J.: 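One structure follows; several queries about it will come next.
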There are 2 protein chains.
Amino acid sequence: MAGTGTRNRRERLRAETTAEIKQVALGLMGEGGPDAITLRAIAREMGMTANAIYGYFATRDALVTTLIDDLYTALADTVGAAWDATAGEDPATRIRAWAGAFRDWTLANPEGFRLVYGDPVPGYQPPEGGPAPDAAQRVCLVLTAVADAAWPHARHLYGDSEFQWSDFDPGLLAKVRPAFPDLPPAAVALALSIWGRLHGLVSLEVYGHLNTQTTSPERLFREELTHLLRSLGVPPAA
Amino acid sequence: MAGTGTRNRRERLRAETTAEIKQVALGLMGEGGPDAITLRAIAREMGMTANAIYGYFATRDALVTTLIDDLYTALADTVGAAWDATAGEDPATRIRAWAGAFRDWTLANPEGFRLVYGDPVPGYQPPEGGPAPDAAQRVCLVLTAVADAAWPHARHLYGDSEFQWSDFDPGLLAKVRPAFPDLPPAAVALALSIWGRLHGLVSLEVYGHLNTQTTSPERLFREELTHLLRSLGVPPAA
DNA sequence: GCGGGAACTATACGGCGTGAAGTTTCGAAA
DNA sequence: TTTCGAAACTTCACGCCGTATAGTTCCCGC
């Protein structure tokens, strides 16, 4: 079994180097922002030559795409875990937990948020379908769960919604509709709407546009959640 | 008066060159995104040397800051004009006009939106106080006017708001409070909240995160406005 | 122990922002 | 009209960057 052992060893070394490249890249990003992710800087940190990285990633964009994928997955895991951890509790508590996890992750990983949701890095062109479509749809799936939890209270607000199933991406619906077979198109719109509300505040905060207006973005976010839940008709937590 | 004429001529040439630099930079941005704003490309386009630009802008960041300032001012002018143009009409119409102008400007100038609200350009560090603080506060001032228009209907929703004047930037309040002396702190929070809601959807759309979920971001935006007005208690337009 | 492939380095090219120094241009004072 | 000086612009240089190509080293499997 030496052959197998060797292949495993080689693959293990390769996986370790790949992981180190990504880890160093994330470290550089944390220090100097997304722009600090340069192959030469990574190689310098690792005692290698920049070109050695090409053995692991075809281009710098491929590395960035992988990073985005990892970060988006981590975000999806985090908010999904916050949602699942509150299973059985009332909708207001769950939605607050979910939204709080989203904001907390973002504030803990501001550069990651920029990488995932903003202009990642000079000249970066996302691959077809965008990076991390899987994680994006997982986030949307949790979003739809949020909308599903609020729907019994909020459905009366969407009586005049014009949304059709054809207004949404088939790939998204393929994940969403089996999981929530009773929800109408308007509920998916509600999910995207909730996403937009939270994304807006968090995005403004991360990019420093709120800091010059208010000293309490946290309070703004908290009261926004209160009004969101109230406007949806979700009864407040006990 | 030759002296004056000469000085005027020199200054005119200088102003024209400065304007051309900015215009070429905006053109490059429109073609290749914010990353295409390079001193060498601008100079190439103008038949100059990159270093000649240093006679007009201290650094590339200074040029970018000026561009951000111009764009932010244009945005503030646009949404302000849409607001003023509907003076006398009912709040719902005015708010829709204002929000529509915001989204329309953004979709017409997606790269400008990225420059103003996102990561502008590789390694760019905004100057102290951020770029274009004046335009930002003008936008916020119109936002507050929006909140002011909705406040008679929405104030009952903010009875339990914990916001104090000290939660906001003094510079912002110096502009806002004289213009709307009767508004409480919660109304400014409402203004920022409205900003966040619209910014979130538009931002997701501009950065391509909505396109993979829905084919009708315009409908999403329109219905979001409907729900915003409804949740604020603003009666719909006639 | 040796062949082969994987991992890595060396070198090079073009593009970037920017600093220092030199050159041209042109209005204004003599 | 000549000359002076400042402004405008170029040239050259440096160190970054991504990346292509070719060469080198090392080590696993036969």
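Chain identifiers are assigned alphabetically (A, B, ...) following the order of the sequence lines, protein sequences preceding nucleic acid strands; residue numbering begins at 1 within each chain. All values reported here derive from a predicted model rather than from experimental measurement.
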J.: Atom CG of A:L63 and atom P of D:dT19: how far apart are they, to the nearest Å?
T.: 10 Å

J.: Once ring-ring contact (aromatic ring centres under 6.0 Å, His included) is applied, do any residues pair with B:Y207, and if so which ones, sequence neighbours excluded?
T.: none

J.: Identify the two heavy atoms, one from B:G196 and one from A:L204, that lie closest to each other, and give their separation to 0.1 Å.
T.: CA-CD1, 4.0 Å

J.: Mind checking if A:T17 touches a base, just sugar-phosphate, or nothing, with heavy atoms under 4.0 Å?
T.: nothing

J.: Whole-Å distance between C:dT9 P and A:L39 CG?
T.: 14 Å

J.: Please answer whether the main-chain N or O of A:Q164 pairs with a side-chain N or O of A:D167 as donor and acceptor at a distance below 3.5 Å.
T.: yes

J.: Without decimals, in angstroms, what is the distance between A:Y54 OH and D:dC17 C1'?
T.: 10 Å

J.: Within less than 4.0 Å of OP1 or OP2 of C:dC16, is there a side-chain N or O belonging to B:R44?
T.: yes

J.: Round to the nearest Å and state the distance from B:N51 atom CG to C:dA20 atom C1'.
T.: 10 Å

J.: Between A:R40 and A:G47, just flag the one whose closest nucleotide in DNA chain C comes earlier from the 5' side.
T.: A:G47

J.: Any ion pair linking A:D134 and A:K175 (charged N to carboxylate O, less than 4.0 Å)?
T.: yes

J.: Are A:T38 and D:dC17 close enough that a side-chain N or O sits under 4.0 Å from OP1 or OP2?
T.: yes

J.: Using atom CG of B:D35 as one end and atom P of D:dG18 as the other, report the distance to the nearest whole Å.
T.: 13 Å

J.: Return the value, rounded to whole Å, for the distance between atom CE of A:M46 and atom P of C:dT9.
T.: 10 Å

J.: Testing B:T66, B:D70, B:T17 for side-chain hydrogen bond (donor to acceptor under 3.5 Å, both in side chains) with B:K22, which one passes?
T.: B:D70

J.: Short of 4.0 Å, heavy atom to strand atom, which residues of residues 20-30 of chain B count as contacting DNA chain C?
T.: none

J.: Within the structure, does a side-chain N or O atom of B:R14 lie under 4.0 Å from either OP1 or OP2 of D:dA8?
T.: yes

J.: In this structure, how many angstroms lie between the C1' atom of D:dT11 and the CE atom of B:M48, rounded?
T.: 14 Å

J.: Can you say whether the rings of B:F168 and B:F163 are parallel (under 30°), tilted (30 to 60°) or perpendicular (over 60°)?
T.: parallel

J.: Whole angstrom is fine here: how far is it from CZ in B:R12 over to P in D:dA8?
T.: 14 Å

J.: Below 4.0 angstrom from OP1 or OP2 of C:dC8, is there any side-chain N or O of A:Y56?
T.: yes

J.: Taking the six-membered ring for Trp, are B:F102 and B:W98 parallel (under 30°), tilted (30 to 60°) or perpendicular (over 60°)?
T.: parallel

